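Working notes, beginning with the structure itself.
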Amino acid sequence: MIEIEALHHSIGKAPILNGVDLVIPEGGMTALIGPNGAGKSTLLSLVARLRKIQSGHIRVAGHAVGQVSDQDLARVLAVMPQETRVSARLRVADLVSFGRYPWHRGRPGKADHAIVDRALERFSLDPLRERFLDEISGGQKQRAFAALAYAQDTPYLLLDEPLNNLDIAAARDLMRLMRELADEEGRTIVIVLHDINYAAAFADRLVVMKDGRIAAQGTPGDVITDTMIGEVFGTQAGVRMVDGRPVVIV
Amino acid sequence: MSGRLAILAAVLVLSALAYMVLKAQGPWSFLLPYRATKLAALILVGVALSVATVMFQTVTANRILTPSLMGFDALYVLVLTLLVHSLGASGYAQIGAAWLFAGNLAAMSVLGLVLFAGLMRLAGGDMVRLVLCGIVLGLLIRALTEFLQRMIDPSEFQMVQSLSFARFTQIDGTLLALSFVAIAVALVLAWRLRHRMDVLALGDAAATGLGEPPARLQRQALILICVLVAAATALVGPLASGGFGPSSFFGLIVTAFAHIVTPSHRHAVLIPSAALIGAVILVGGQLVMERLLGFQTPLTVVIELIGGAVFLILLIKRRAA
(Lines give C-alpha, C1' and ligand atoms only; values in the text may rest on other atoms or scores of the structure.)
Protein backbone atom coordinates (compact mmCIF):
# COMPACT_ATOMS: atom_id res chain seq x y z
CA MET A 1 0.00 0.00 0.00
CA ILE A 2 1.24 3.46 -0.83
CA GLU A 3 -0.09 6.13 1.52
CA ILE A 4 0.30 9.77 0.61
CA GLU A 5 -0.68 12.42 3.10
CA ALA A 6 -0.95 16.20 2.77
CA LEU A 7 1.74 16.34 0.13
CA HIS A 8 2.74 19.82 -1.01
CA HIS A 9 5.55 20.51 -3.41
CA SER A 10 6.82 23.47 -5.33
CA ILE A 11 9.61 23.85 -7.83
CA GLY A 12 11.16 27.25 -7.59
CA LYS A 13 8.20 29.46 -6.74
CA ALA A 14 5.71 27.49 -8.76
CA PRO A 15 3.46 25.24 -6.68
CA ILE A 16 3.22 21.81 -8.32
CA LEU A 17 1.36 19.78 -5.73
CA ASN A 18 -1.24 21.40 -3.50
CA GLY A 19 -2.11 18.92 -0.80
CA VAL A 20 -2.33 15.45 -2.24
CA ASP A 21 -3.97 12.75 -0.12
CA LEU A 22 -4.04 9.39 -1.79
CA VAL A 23 -4.02 5.72 -0.94
CA ILE A 24 -2.92 3.28 -3.60
CA PRO A 25 -3.87 -0.24 -2.51
CA GLU A 26 -1.60 -3.21 -2.88
CA GLY A 27 -1.68 -5.18 -6.11
CA GLY A 28 -3.00 -4.32 -9.52
CA MET A 29 -2.16 -1.45 -11.79
CA THR A 30 -2.91 2.15 -10.94
CA ALA A 31 -2.53 4.77 -13.65
CA LEU A 32 -1.98 8.45 -12.95
CA ILE A 33 -3.51 10.59 -15.66
CA GLY A 34 -4.14 14.27 -16.10
CA PRO A 35 -3.26 17.21 -18.31
CA ASN A 36 0.29 18.47 -18.75
CA GLY A 37 1.59 20.13 -15.61
CA ALA A 38 -0.95 18.46 -13.31
CA GLY A 39 1.85 17.10 -11.14
CA LYS A 40 1.68 13.40 -12.06
CA SER A 41 5.38 12.95 -12.65
CA THR A 42 6.29 15.07 -9.63
CA LEU A 43 4.06 12.91 -7.46
CA LEU A 44 5.63 9.74 -8.82
CA SER A 45 9.16 11.02 -8.37
CA LEU A 46 8.39 12.00 -4.78
CA VAL A 47 7.13 8.49 -4.06
CA ALA A 48 10.26 7.09 -5.71
CA ARG A 49 12.39 9.56 -3.66
CA LEU A 50 13.89 10.99 -6.87
CA ARG A 51 12.92 14.34 -5.36
CA LYS A 52 13.06 15.34 -1.73
CA ILE A 53 9.73 15.66 0.04
CA GLN A 54 9.15 19.28 1.03
CA SER A 55 6.05 18.82 3.13
CA GLY A 56 3.75 15.89 3.73
CA HIS A 57 4.27 12.17 4.20
CA ILE A 58 4.61 9.17 1.93
CA ARG A 59 4.70 5.57 3.09
CA VAL A 60 5.38 2.62 0.83
CA ALA A 61 4.52 -0.72 2.40
CA GLY A 62 4.92 0.90 5.79
CA HIS A 63 8.33 2.45 5.01
CA ALA A 64 8.40 6.20 5.40
CA VAL A 65 10.00 7.64 2.25
CA GLY A 66 12.83 9.96 3.23
CA GLN A 67 13.43 8.17 6.52
CA VAL A 68 13.98 4.56 5.51
CA SER A 69 17.48 3.99 4.11
CA ASP A 70 17.89 4.27 0.36
CA GLN A 71 19.25 0.76 0.17
CA ASP A 72 16.26 -0.73 1.94
CA LEU A 73 13.78 1.19 -0.17
CA ALA A 74 15.51 -0.04 -3.34
CA ARG A 75 14.39 -3.55 -2.37
CA VAL A 76 10.78 -2.48 -1.99
CA LEU A 77 10.31 -0.11 -4.86
CA ALA A 78 11.75 0.10 -8.35
CA VAL A 79 11.32 3.06 -10.64
CA MET A 80 11.65 3.57 -14.35
CA PRO A 81 12.42 7.28 -14.65
CA GLN A 82 11.19 9.39 -17.52
CA GLU A 83 14.60 10.65 -18.46
CA THR A 84 17.61 8.43 -18.39
CA ARG A 85 21.11 9.58 -19.13
CA VAL A 86 23.68 6.84 -19.07
CA SER A 87 27.19 8.23 -19.27
CA ALA A 88 28.93 4.87 -19.55
CA ARG A 89 28.90 2.78 -22.71
CA LEU A 90 26.80 -0.17 -21.63
CA ARG A 91 25.53 -3.33 -23.21
CA VAL A 92 21.85 -4.16 -22.76
CA ALA A 93 22.66 -7.14 -20.53
CA ASP A 94 24.96 -5.00 -18.36
CA LEU A 95 22.24 -2.41 -17.91
CA VAL A 96 19.65 -4.97 -16.88
CA SER A 97 22.15 -6.56 -14.46
CA PHE A 98 22.20 -3.33 -12.50
CA GLY A 99 18.68 -4.19 -11.41
CA ARG A 100 20.20 -6.70 -9.04
CA TYR A 101 22.51 -4.13 -7.44
CA PRO A 102 20.28 -3.37 -4.43
CA TRP A 103 20.44 -7.06 -3.53
CA HIS A 104 24.10 -7.88 -4.07
CA ARG A 105 25.79 -4.46 -3.79
CA GLY A 106 28.40 -5.26 -6.44
CA ARG A 107 28.89 -8.99 -6.05
CA PRO A 108 26.29 -10.80 -8.15
CA GLY A 109 25.65 -14.48 -7.46
CA LYS A 110 24.12 -17.27 -9.49
CA ALA A 111 20.57 -16.36 -8.53
CA ASP A 112 21.16 -12.79 -9.69
CA HIS A 113 22.32 -13.92 -13.13
CA ALA A 114 19.29 -16.18 -13.42
CA ILE A 115 16.93 -13.29 -12.66
CA VAL A 116 18.69 -11.07 -15.20
CA ASP A 117 18.36 -13.79 -17.83
CA ARG A 118 14.69 -14.12 -17.04
CA ALA A 119 14.22 -10.35 -17.32
CA LEU A 120 15.98 -10.26 -20.69
CA GLU A 121 13.81 -13.08 -21.96
CA ARG A 122 10.58 -11.68 -20.60
CA PHE A 123 11.19 -8.29 -22.21
CA SER A 124 12.33 -9.95 -25.48
CA LEU A 125 15.78 -8.46 -25.13
CA ASP A 126 17.67 -11.71 -25.56
CA PRO A 127 18.67 -11.02 -29.17
CA LEU A 128 19.89 -7.56 -28.13
CA ARG A 129 21.76 -8.50 -24.98
CA GLU A 130 25.23 -7.88 -26.39
CA ARG A 131 24.28 -4.65 -28.18
CA PHE A 132 25.35 -1.31 -26.79
CA LEU A 133 22.66 1.12 -25.65
CA ASP A 134 23.64 3.61 -28.34
CA GLU A 135 23.13 0.95 -30.99
CA ILE A 136 19.46 0.21 -30.30
CA SER A 137 16.27 2.16 -30.97
CA GLY A 138 14.56 4.44 -28.48
CA GLY A 139 11.80 1.92 -27.95
CA GLN A 140 14.25 -0.90 -27.31
CA LYS A 141 16.11 1.28 -24.86
CA GLN A 142 12.85 2.02 -23.08
CA ARG A 143 12.23 -1.70 -22.85
CA ALA A 144 15.72 -2.27 -21.47
CA PHE A 145 15.06 0.22 -18.68
CA ALA A 146 11.74 -1.46 -17.94
CA ALA A 147 13.62 -4.76 -17.73
CA LEU A 148 16.11 -3.14 -15.35
CA ALA A 149 13.26 -2.13 -13.05
CA TYR A 150 11.75 -5.60 -13.38
CA ALA A 151 15.04 -7.29 -12.48
CA GLN A 152 15.08 -5.25 -9.29
CA ASP A 153 12.36 -7.69 -8.24
CA THR A 154 10.50 -5.33 -5.93
CA PRO A 155 6.85 -5.60 -4.89
CA TYR A 156 6.28 -2.01 -6.10
CA LEU A 157 7.06 -0.85 -9.60
CA LEU A 158 6.72 2.80 -10.64
CA LEU A 159 6.89 3.88 -14.26
CA ASP A 160 6.99 7.47 -15.42
CA GLU A 161 5.49 7.79 -18.88
CA PRO A 162 7.03 4.58 -20.19
CA LEU A 163 5.14 4.84 -23.47
CA ASN A 164 6.93 7.98 -24.64
CA ASN A 165 8.50 7.39 -28.05
CA LEU A 166 6.93 3.97 -28.42
CA ASP A 167 4.94 2.92 -31.46
CA ILE A 168 1.61 1.21 -30.97
CA ALA A 169 3.02 -2.31 -31.04
CA ALA A 170 5.79 -1.56 -28.54
CA ALA A 171 3.41 0.39 -26.31
CA ARG A 172 0.86 -2.42 -26.23
CA ASP A 173 3.56 -5.01 -25.60
CA LEU A 174 4.94 -3.06 -22.67
CA MET A 175 1.50 -2.48 -21.16
CA ARG A 176 0.58 -6.12 -21.58
CA LEU A 177 3.79 -7.12 -19.82
CA MET A 178 3.03 -4.79 -16.94
CA ARG A 179 -0.47 -6.25 -16.77
CA GLU A 180 1.08 -9.72 -16.52
CA LEU A 181 3.40 -8.62 -13.75
CA ALA A 182 0.45 -7.32 -11.80
CA ASP A 183 -1.71 -10.40 -12.41
CA GLU A 184 0.83 -13.22 -12.22
CA GLU A 185 3.42 -11.90 -9.80
CA GLY A 186 1.13 -9.78 -7.68
CA ARG A 187 3.22 -6.67 -8.06
CA THR A 188 1.79 -3.24 -7.39
CA ILE A 189 2.28 -1.13 -10.49
CA VAL A 190 1.89 2.63 -10.57
CA ILE A 191 2.23 4.17 -13.96
CA VAL A 192 2.04 7.73 -15.27
CA LEU A 193 0.32 7.74 -18.63
CA HIS A 194 -0.48 10.42 -21.13
CA ASP A 195 -2.88 8.47 -23.22
CA ILE A 196 -6.19 7.97 -21.42
CA ASN A 197 -7.12 5.11 -23.70
CA TYR A 198 -4.09 3.07 -22.70
CA ALA A 199 -4.90 3.79 -19.07
CA ALA A 200 -8.51 2.71 -19.54
CA ALA A 201 -7.52 -0.44 -21.41
CA PHE A 202 -4.91 -1.76 -19.00
CA ALA A 203 -5.20 -0.21 -15.55
CA ASP A 204 -7.40 -1.38 -12.70
CA ARG A 205 -7.67 2.05 -11.15
CA LEU A 206 -7.23 5.56 -12.42
CA VAL A 207 -6.13 8.55 -10.42
CA VAL A 208 -6.91 11.77 -12.22
CA MET A 209 -4.88 14.82 -11.29
CA LYS A 210 -5.42 18.48 -12.04
CA ASP A 211 -3.52 21.52 -10.78
CA GLY A 212 -1.60 19.53 -8.19
CA ARG A 213 -4.67 17.89 -6.68
CA ILE A 214 -6.49 14.62 -7.06
CA ALA A 215 -9.51 15.38 -9.23
CA ALA A 216 -11.03 11.91 -9.35
CA GLN A 217 -10.21 8.28 -8.77
CA GLY A 218 -11.81 4.91 -9.36
CA THR A 219 -12.21 2.27 -12.03
CA PRO A 220 -11.84 3.43 -15.64
CA GLY A 221 -15.58 2.94 -16.21
CA ASP A 222 -16.44 5.22 -13.30
CA VAL A 223 -13.85 7.90 -13.89
CA ILE A 224 -13.77 8.41 -17.62
CA THR A 225 -16.85 10.38 -18.57
CA ASP A 226 -17.63 13.26 -20.89
CA THR A 227 -17.87 15.60 -17.91
CA MET A 228 -14.49 14.55 -16.44
CA ILE A 229 -12.75 15.01 -19.79
CA GLY A 230 -14.35 18.41 -20.12
CA GLU A 231 -13.57 19.55 -16.60
CA VAL A 232 -10.09 18.14 -16.15
CA PHE A 233 -8.65 18.27 -19.63
CA GLY A 234 -10.67 21.20 -20.89
CA THR A 235 -11.61 19.64 -24.20
CA GLN A 236 -14.86 18.22 -25.54
CA ALA A 237 -13.86 14.70 -26.54
CA GLY A 238 -16.67 12.19 -26.44
CA VAL A 239 -16.48 8.94 -24.51
CA ARG A 240 -17.96 5.74 -25.93
CA MET A 241 -18.21 2.33 -24.36
CA VAL A 242 -16.51 -0.33 -26.46
CA ASP A 243 -16.51 -3.93 -25.20
CA GLY A 244 -17.47 -2.71 -21.76
CA ARG A 245 -14.68 -0.19 -21.35
CA PRO A 246 -14.59 3.54 -22.02
CA VAL A 247 -12.78 4.85 -25.09
CA VAL A 248 -12.13 8.50 -25.67
CA ILE A 249 -12.84 9.53 -29.23
CA VAL A 250 -10.08 11.90 -30.32
CA MET B 1 39.90 -8.01 -19.09
CA SER B 2 42.17 -9.43 -16.40
CA GLY B 3 44.48 -10.65 -19.16
CA ARG B 4 44.79 -7.14 -20.52
CA LEU B 5 45.39 -5.75 -17.07
CA ALA B 6 48.16 -8.33 -16.59
CA ILE B 7 49.75 -7.23 -19.87
CA LEU B 8 49.61 -3.60 -18.75
CA ALA B 9 51.20 -4.54 -15.44
CA ALA B 10 53.94 -6.44 -17.27
CA VAL B 11 54.63 -3.42 -19.51
CA LEU B 12 54.90 -1.24 -16.42
CA VAL B 13 57.32 -3.62 -14.72
CA LEU B 14 59.45 -3.82 -17.86
CA SER B 15 59.61 -0.08 -18.37
CA ALA B 16 60.37 0.44 -14.68
CA LEU B 17 63.24 -2.08 -14.91
CA ALA B 18 64.55 -0.48 -18.07
CA TYR B 19 64.30 2.91 -16.45
CA MET B 20 66.36 1.69 -13.53
CA VAL B 21 69.21 0.02 -15.40
CA LEU B 22 69.54 1.50 -18.91
CA LYS B 23 72.33 3.96 -19.73
CA ALA B 24 73.97 3.81 -16.34
CA GLN B 25 76.61 6.50 -16.07
CA GLY B 26 78.18 6.68 -12.66
CA PRO B 27 78.32 4.44 -9.62
CA TRP B 28 75.33 2.20 -8.99
CA SER B 29 75.33 3.11 -5.32
CA PHE B 30 74.33 6.62 -6.34
CA LEU B 31 72.29 5.82 -9.41
CA LEU B 32 69.97 3.22 -7.94
CA PRO B 33 68.54 5.23 -5.04
CA TYR B 34 68.43 8.35 -7.20
CA ARG B 35 66.55 6.62 -9.98
CA ALA B 36 64.37 4.66 -7.58
CA THR B 37 63.13 7.87 -5.96
CA LYS B 38 62.37 9.39 -9.32
CA LEU B 39 60.68 6.21 -10.50
CA ALA B 40 58.56 6.04 -7.37
CA ALA B 41 57.48 9.64 -7.87
CA LEU B 42 56.62 9.02 -11.53
CA ILE B 43 54.51 5.97 -10.70
CA LEU B 44 52.84 7.64 -7.74
CA VAL B 45 51.90 10.71 -9.75
CA GLY B 46 50.80 8.69 -12.75
CA VAL B 47 48.54 6.45 -10.68
CA ALA B 48 47.09 9.25 -8.55
CA LEU B 49 46.22 11.54 -11.45
CA SER B 50 44.78 8.72 -13.55
CA VAL B 51 42.52 7.35 -10.84
CA ALA B 52 41.44 10.88 -9.94
CA THR B 53 40.54 11.54 -13.57
CA VAL B 54 38.53 8.32 -13.93
CA MET B 55 36.53 9.18 -10.81
CA PHE B 56 36.10 12.80 -11.86
CA GLN B 57 34.74 11.77 -15.23
CA THR B 58 32.24 9.41 -13.64
CA VAL B 59 31.11 11.96 -11.07
CA THR B 60 30.64 14.65 -13.71
CA ALA B 61 29.31 12.19 -16.32
CA ASN B 62 31.65 13.38 -19.04
CA ARG B 63 34.77 12.08 -20.69
CA ILE B 64 36.36 15.34 -21.68
CA LEU B 65 36.90 17.43 -18.59
CA THR B 66 39.65 16.44 -16.17
CA PRO B 67 40.71 17.97 -12.84
CA SER B 68 43.83 19.47 -14.41
CA LEU B 69 41.98 20.83 -17.38
CA MET B 70 39.83 22.86 -15.03
CA GLY B 71 42.89 24.27 -13.39
CA PHE B 72 43.27 22.13 -10.34
CA ASP B 73 47.05 22.23 -10.54
CA ALA B 74 46.87 25.96 -11.03
CA LEU B 75 45.18 25.97 -7.66
CA TYR B 76 48.43 24.66 -6.22
CA VAL B 77 50.31 27.68 -7.51
CA LEU B 78 47.60 29.90 -6.13
CA VAL B 79 47.90 28.32 -2.67
CA LEU B 80 51.68 28.56 -2.92
CA THR B 81 51.59 32.19 -3.95
CA LEU B 82 49.16 32.98 -1.17
CA LEU B 83 51.41 31.24 1.36
CA VAL B 84 54.56 32.97 0.22
CA HIS B 85 52.70 36.23 -0.02
CA SER B 86 51.28 36.06 3.49
CA LEU B 87 54.32 34.53 5.23
CA GLY B 88 57.07 36.20 3.23
CA ALA B 89 59.85 34.25 1.56
CA SER B 90 61.84 33.77 4.73
CA GLY B 91 58.83 32.76 6.76
CA TYR B 92 57.89 30.26 4.10
CA ALA B 93 61.36 28.78 4.03
CA GLN B 94 61.23 28.13 7.76
CA ILE B 95 58.21 25.81 7.67
CA GLY B 96 59.18 22.15 7.51
CA ALA B 97 58.46 20.08 4.44
CA ALA B 98 55.92 17.96 6.28
CA TRP B 99 53.90 20.95 7.46
CA LEU B 100 54.01 22.51 4.02
CA PHE B 101 52.76 19.31 2.51
CA ALA B 102 49.97 19.00 5.04
CA GLY B 103 49.03 22.65 4.59
CA ASN B 104 49.03 22.36 0.81
CA LEU B 105 47.00 19.17 0.90
CA ALA B 106 44.41 20.64 3.23
CA ALA B 107 44.13 23.95 1.39
CA MET B 108 43.86 22.29 -2.01
CA SER B 109 41.34 19.74 -0.78
CA VAL B 110 39.08 22.39 0.70
CA LEU B 111 39.41 24.80 -2.23
CA GLY B 112 39.07 21.98 -4.72
CA LEU B 113 35.92 20.71 -3.07
CA VAL B 114 34.36 24.18 -3.08
CA LEU B 115 35.37 24.60 -6.70
CA PHE B 116 34.07 21.23 -7.86
CA ALA B 117 30.82 21.58 -5.96
CA GLY B 118 30.36 25.05 -7.44
CA LEU B 119 31.12 23.72 -10.88
CA MET B 120 28.57 20.93 -10.61
CA ARG B 121 25.94 23.42 -9.55
CA LEU B 122 26.83 25.82 -12.35
CA ALA B 123 26.66 23.08 -14.92
CA GLY B 124 23.37 21.66 -13.66
CA GLY B 125 23.81 18.35 -15.44
CA ASP B 126 24.58 19.88 -18.81
CA MET B 127 27.75 18.37 -20.23
CA VAL B 128 28.66 21.20 -22.58
CA ARG B 129 28.12 23.77 -19.86
CA LEU B 130 30.19 21.69 -17.48
CA VAL B 131 33.17 21.60 -19.82
CA LEU B 132 32.88 25.30 -20.60
CA CYS B 133 32.49 26.32 -16.94
CA GLY B 134 35.37 24.05 -15.99
CA ILE B 135 37.72 25.59 -18.50
CA VAL B 136 36.63 29.11 -17.58
CA LEU B 137 37.16 28.34 -13.89
CA GLY B 138 40.64 27.08 -14.73
CA LEU B 139 41.42 30.31 -16.58
CA LEU B 140 40.08 32.31 -13.67
CA ILE B 141 42.36 30.53 -11.20
CA ARG B 142 45.37 31.04 -13.44
CA ALA B 143 44.57 34.72 -13.94
CA LEU B 144 44.07 35.20 -10.22
CA THR B 145 47.40 33.54 -9.53
CA GLU B 146 49.19 35.68 -12.06
CA PHE B 147 47.59 38.77 -10.61
CA LEU B 148 48.77 37.84 -7.12
CA GLN B 149 52.23 37.10 -8.40
CA ARG B 150 52.46 40.58 -9.83
CA MET B 151 51.65 42.06 -6.48
CA ILE B 152 54.29 40.26 -4.43
CA ASP B 153 57.88 41.43 -4.33
CA PRO B 154 60.40 40.13 -6.85
CA SER B 155 62.35 37.87 -4.50
CA GLU B 156 59.18 36.22 -3.30
CA PHE B 157 58.08 35.88 -6.89
CA GLN B 158 61.30 34.05 -7.73
CA MET B 159 60.69 31.68 -4.88
CA VAL B 160 57.18 30.89 -6.10
CA GLN B 161 58.58 30.40 -9.58
CA SER B 162 61.19 27.92 -8.48
CA LEU B 163 58.67 26.07 -6.34
CA SER B 164 55.94 25.94 -8.89
CA PHE B 165 57.68 24.02 -11.64
CA ALA B 166 56.99 20.35 -11.78
CA ARG B 167 60.19 18.74 -10.66
CA PHE B 168 60.70 15.06 -11.18
CA THR B 169 64.45 15.60 -10.90
CA GLN B 170 64.70 16.61 -7.29
CA ILE B 171 62.30 14.61 -5.19
CA ASP B 172 62.36 15.07 -1.47
CA GLY B 173 62.40 11.80 0.49
CA THR B 174 60.05 12.95 3.24
CA LEU B 175 57.68 14.42 0.72
CA LEU B 176 57.67 11.17 -1.23
CA ALA B 177 56.78 9.20 1.89
CA LEU B 178 54.06 11.65 2.85
CA SER B 179 52.41 11.71 -0.53
CA PHE B 180 52.72 7.95 -0.76
CA VAL B 181 50.70 7.59 2.43
CA ALA B 182 48.08 10.13 1.34
CA ILE B 183 47.72 8.60 -2.13
CA ALA B 184 47.65 5.02 -0.82
CA VAL B 185 44.86 5.81 1.62
CA ALA B 186 42.87 7.64 -1.07
CA LEU B 187 43.36 4.75 -3.49
CA VAL B 188 42.10 2.18 -1.00
CA LEU B 189 39.01 4.30 -0.34
CA ALA B 190 38.49 4.86 -4.08
CA TRP B 191 38.70 1.12 -4.67
CA ARG B 192 35.99 0.57 -2.09
CA LEU B 193 33.70 2.94 -4.02
CA ARG B 194 34.14 1.01 -7.28
CA HIS B 195 30.75 -0.74 -7.38
CA ARG B 196 28.89 2.33 -6.25
CA MET B 197 30.62 4.41 -8.94
CA ASP B 198 29.39 1.91 -11.54
CA VAL B 199 25.82 2.68 -10.52
CA LEU B 200 26.47 6.41 -10.67
CA ALA B 201 27.20 6.10 -14.39
CA LEU B 202 23.54 5.17 -14.99
CA GLY B 203 22.44 8.74 -14.36
CA ASP B 204 21.01 10.42 -11.27
CA ALA B 205 17.47 9.07 -11.38
CA ALA B 206 18.38 5.48 -12.13
CA ALA B 207 21.12 5.51 -9.49
CA THR B 208 18.70 6.83 -6.87
CA GLY B 209 16.19 4.16 -7.82
CA LEU B 210 18.84 1.52 -7.17
CA GLY B 211 19.44 2.90 -3.69
CA GLU B 212 22.54 4.91 -4.53
CA PRO B 213 21.60 8.60 -4.37
CA PRO B 214 24.36 10.49 -6.20
CA ALA B 215 24.83 13.51 -3.94
CA ARG B 216 26.59 11.75 -1.07
CA LEU B 217 28.64 9.48 -3.29
CA GLN B 218 29.69 12.43 -5.45
CA ARG B 219 30.91 14.29 -2.38
CA GLN B 220 32.90 11.29 -1.19
CA ALA B 221 34.44 10.83 -4.61
CA LEU B 222 35.27 14.53 -4.91
CA ILE B 223 37.15 14.49 -1.61
CA LEU B 224 39.21 11.54 -2.79
CA ILE B 225 39.87 13.25 -6.14
CA CYS B 226 41.04 16.38 -4.31
CA VAL B 227 43.39 14.41 -2.07
CA LEU B 228 44.81 12.43 -5.00
CA VAL B 229 45.50 15.44 -7.19
CA ALA B 230 46.69 17.57 -4.30
CA ALA B 231 49.13 14.93 -3.06
CA ALA B 232 50.52 14.37 -6.54
CA THR B 233 50.85 18.09 -7.15
CA ALA B 234 52.42 18.77 -3.79
CA LEU B 235 54.97 16.08 -4.57
CA VAL B 236 56.18 17.13 -7.99
CA GLY B 237 54.67 20.56 -8.42
CA PRO B 238 51.90 21.67 -10.70
CA LEU B 239 51.84 19.72 -13.88
CA ALA B 240 49.97 22.05 -16.14
CA SER B 241 50.74 25.61 -15.27
CA GLY B 242 54.48 25.78 -15.78
CA GLY B 243 54.52 23.63 -18.84
CA PHE B 244 56.92 21.17 -17.20
CA GLY B 245 56.11 17.69 -16.01
CA PRO B 246 53.10 15.94 -17.48
CA SER B 247 50.51 18.26 -18.83
CA SER B 248 46.92 19.20 -18.31
CA PHE B 249 46.02 16.65 -20.95
CA PHE B 250 47.63 13.78 -19.11
CA GLY B 251 44.48 12.51 -17.41
CA LEU B 252 42.52 12.88 -20.62
CA ILE B 253 44.94 10.70 -22.59
CA VAL B 254 44.99 8.10 -19.84
CA THR B 255 41.24 7.70 -19.58
CA ALA B 256 40.83 7.72 -23.36
CA PHE B 257 43.40 4.92 -23.64
CA ALA B 258 41.87 3.05 -20.72
CA HIS B 259 38.49 3.03 -22.47
CA ILE B 260 40.17 1.68 -25.62
CA VAL B 261 42.42 -0.92 -24.00
CA THR B 262 39.88 -2.19 -21.47
CA PRO B 263 36.45 -1.22 -22.77
CA SER B 264 34.32 -1.71 -19.68
CA HIS B 265 31.93 0.32 -17.62
CA ARG B 266 33.11 -1.34 -14.43
CA HIS B 267 35.35 0.69 -12.19
CA ALA B 268 36.84 -2.53 -10.91
CA VAL B 269 38.45 -2.67 -14.38
CA LEU B 270 38.74 1.02 -15.24
CA ILE B 271 40.52 2.08 -12.06
CA PRO B 272 43.42 -0.40 -12.25
CA SER B 273 43.58 -0.04 -16.02
CA ALA B 274 43.87 3.74 -15.90
CA ALA B 275 46.34 3.56 -13.01
CA LEU B 276 48.60 1.21 -14.94
CA ILE B 277 48.32 3.19 -18.17
CA GLY B 278 49.09 6.41 -16.34
CA ALA B 279 52.19 4.94 -14.75
CA VAL B 280 53.31 3.38 -18.03
CA ILE B 281 52.94 6.66 -19.90
CA LEU B 282 54.98 8.60 -17.35
CA VAL B 283 57.68 5.98 -16.76
CA GLY B 284 57.82 4.86 -20.38
CA GLY B 285 57.70 8.40 -21.69
CA GLN B 286 60.45 9.52 -19.37
CA LEU B 287 62.46 6.43 -20.32
CA VAL B 288 62.20 7.12 -24.01
CA MET B 289 62.89 10.84 -23.71
CA GLU B 290 65.75 10.57 -21.24
CA ARG B 291 67.49 7.31 -21.95
CA LEU B 292 66.77 6.36 -25.52
CA LEU B 293 66.56 9.70 -27.29
CA GLY B 294 68.68 11.64 -24.85
CA PHE B 295 66.38 14.61 -25.26
CA GLN B 296 66.27 17.35 -22.74
CA THR B 297 62.78 18.21 -23.92
CA PRO B 298 60.32 17.79 -21.08
CA LEU B 299 57.84 14.97 -21.48
CA THR B 300 55.07 17.55 -21.25
CA VAL B 301 55.63 18.87 -24.71
CA VAL B 302 54.96 15.47 -26.21
CA ILE B 303 52.01 14.73 -23.92
CA GLU B 304 50.59 18.17 -24.65
CA LEU B 305 50.78 17.50 -28.37
CA ILE B 306 49.17 14.05 -28.22
CA GLY B 307 46.73 15.23 -25.57
CA GLY B 308 45.59 18.17 -27.67
CA ALA B 309 44.83 15.83 -30.53
CA VAL B 310 42.96 13.39 -28.26
CA PHE B 311 40.97 16.28 -26.81
CA LEU B 312 39.90 17.46 -30.25
CA ILE B 313 39.00 13.95 -31.41
CA LEU B 314 36.90 13.35 -28.30
CA LEU B 315 35.15 16.69 -28.73
CA ILE B 316 34.37 16.07 -32.37
CA LYS B 317 33.44 12.42 -31.95
CA ARG B 318 30.98 12.60 -29.13
CA ARG B 319 28.01 14.88 -29.06
CA ALA B 320 26.68 13.61 -25.78
CA ALA B 321 28.28 12.27 -22.62
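Each chain gets a letter, A, B and so on, in the order its sequence line appears, and its residues count up from 1. The model shown is predicted, which means the values in this text are computed figures rather than measured ones.
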Within 6.0 angstrom of [X] [atom1], more than 12 heavy atoms from elsewhere:
{"X": "R194(B)", "atom1": "CZ", "result": "yes"}
{"X": "E185(A)", "atom1": "CD", "result": "yes"}
{"X": "E83(A)", "atom1": "CD", "result": "no"}
{"X": "F257(B)", "atom1": "CZ", "result": "no"}

Nearest heavy-atom neighbours spanning A206(B) and P81(A):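 Nearest pair, atom of A206(B) first, then P81(A): N-CG, 4.0 Å.
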Minimum-distance pair of heavy atoms, taken over all atoms of R196(B) and Y101(A): CG-OH, 3.2 Å
Side chain, backbone, both or neither of D204(B) within contact of chain A (heavy atoms, under 4.5 Å): neither
Contacting region of R105(A) [heavy-atom separation from chain B under 4.5 Å]: both
Per-residue contact mode, L95(A) against chain B (heavy atom under 4.5 angstrom): side chain
For chain B, which residues of residues 45-73 of chain A have heavy atoms nearer than 4.5 angstrom: R49(A), L50(A), D70(A), Q71(A)
Donor-acceptor under 3.5 Å (Q152(A) side chain, G209(B) main chain):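 Such a contact is found between Q152(A) side chain and G209(B) backbone.
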Derivation and outcome, side chain to side chain contact (heavy atoms under 4.5 Å, CB included), residues E212(B) and F98(A): CA-CA 11 Å; E212(B) 207 59 82; F98(A) 272 111; over 6 Å; no
Contact leader toward chain A among R266(B), Q57(B), H195(B), where contacts are heavy-atom pairs under 4.5 Å: H195(B)
Partner chain A: residue of A207(B), A205(B), G203(B) with the largest heavy-atom pair count (under 4.5 Å): A205(B)
Derivation and outcome, side chain to side chain contact (heavy atoms under 4.5 Å, CB included), residues L202(B) and L90(A): CA-CA 9 Å; L202(B) 293 181; L90(A) 286 182; 3.4 Å; yes
